[in-house]
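Structure first, then comments.
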Amino acid sequence: MRKDEIAAAQAYVRLLEATRAALADPDDAPLYIPLLASPIAEADEALRSAGLSGNEERLFSLVRALRPSLTGSER
């Protein structure tokens, strides 16, 4: 894995975790959804920089390598 690929996978994981936190309580979600703008921008830039925009298969492969628990591949 290249450093830019690791950074992209990590940015995606941060976005996923922030999204889960923002949506955890449906009553509070409208308050927290605007806070996702920064993690979305970070992930977009990291994916673009690593050449992974539109290459979900490669991205998810990297994410599985970093965090198997997110994809269920640790079973």
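Quick note: numbers below take in every heavy atom, side chains included, and nothing from hydrogens, waters or symmetry partners. Numbering of residues begins at 1 and proceeds along the displayed sequence.
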Subject >> Closest non-hydrogen atom pair, Leu59 against Ala9 >> reply: CD1-CA, 4.1 Å
Subject >> Minimum heavy-atom distance Ala46-Ala11, with the two atoms named >> reply: CB-CB, 3.9 Å
Original post:
In Å and rounded to the nearest 0.5 Å, what is the OH to OG1 distance from Tyr12 to Thr19?
Top reply: 9.0 Å
Subject >> Test item: Gln10 and Arg67 side chains (from C-beta on) under 4.5 Å apart, heavy atoms >> reply: no
Subject >> For the student: nearest non-hydrogen atoms of Asp4 and Ser49, plus distance >> reply: OD2-O, 3.6 Å
**OP:** Identify, with sequence neighbours excluded, every residue that meets salt bridge (Lys or Arg N to Asp or Glu O under 4.0 Å) alongside Glu5.
**Re:** Arg2, Arg58
**OP:** Sequence neighbours left out, what passes side-chain hydrogen bond (donor to acceptor under 3.5 Å, both in side chains) with Glu42? Give chain and number order.
**Re:** Arg14
**OP:** Quick one: closest heavy-atom pair of Ile40 and Leu15, and the distance?
**Re:** CG1-CD1, 3.6 Å
Name each donor-acceptor pair under 3.5 Å that joins a side chain in residues 21-36 to protein atoms two or more places apart or in another chain, with its distance.
from, atom 1, to, atom 2, distance (Å)
Asp25, OD1, Asp27, N, 3.1

Original post:
With Glu45, which residues qualify under salt bridge (Lys or Arg N to Asp or Glu O under 4.0 Å), at least two apart?
Top reply: Arg48
